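In what follows, a structure is listed as structure tokens, so that the remarks can point back to it.
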Amino acid sequence: MFDSDRVSEELRTLKVDVTRLLSTAGEGMFESSKGRAEILADQIKAALAELGETVSEDQEQLHDLITGRPVASLASAFALGVVVGFMLRRH
């Protein structure tokens, strides 16, 4: 009536099949995640390169502004320092 050996063998076969499927699915997810991570890394590199270019351009403009008006730049820096000093003293 009830063949326990046959059921045990079917369970072992099922276990092997499930293990194989999970392994295959895991490899697929890993490859998919790896591909997405590479794409994201490329996007981050491009954004950092663009940011570097923008900062370089702004740095040149700031340098030209400061060297063109040294007294105004010094006064602005002093005023900013005073404001920050008052803000820090209150907190």
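Note that the numbering runs from 1 along the sequence shown for the chain. Quick caveat, the model's predicted, so the values are computed rather than measured. Side-chain atoms are counted along with the backbone in the values below, which use heavy atoms only and exclude waters and symmetry mates.
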Handout entry: Side-chain hydrophobic cluster, 4.5 Å single linkage: members besides Leu62
Key =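 Its cluster mates, by chain and number, are Ile66.
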Under the side chain to side chain contact (heavy atoms under 4.5 Å, CB included) test, residues paired with [X] that sit two or more places apart:
X	value
Leu40	Gln43, Ile44
Thr13	Glu9, Asp17
Asp64	none

Practice task
Report the residues that fulfil side-chain hydrogen bond (donor to acceptor under 3.5 Å, both in side chains) with Arg36, sequence neighbours left out, ordered by chain and then residue number.
Solution key: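 Not a single residue meets the side-chain hydrogen bond (donor to acceptor under 3.5 Å, both in side chains) criterion with Arg36.
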Report all side-chain donor-acceptor pairs from residues 68-84 shorter than 3.5 Å, counting only partners two or more places apart or in another chain.
{"unit_1": "Ser73", "atom_1": "OG", "unit_2": "Arg69", "atom_2": "O", "d": "2.8"}
{"unit_1": "Ser76", "atom_1": "OG", "unit_2": "Ala72", "atom_2": "O", "d": "2.9"}

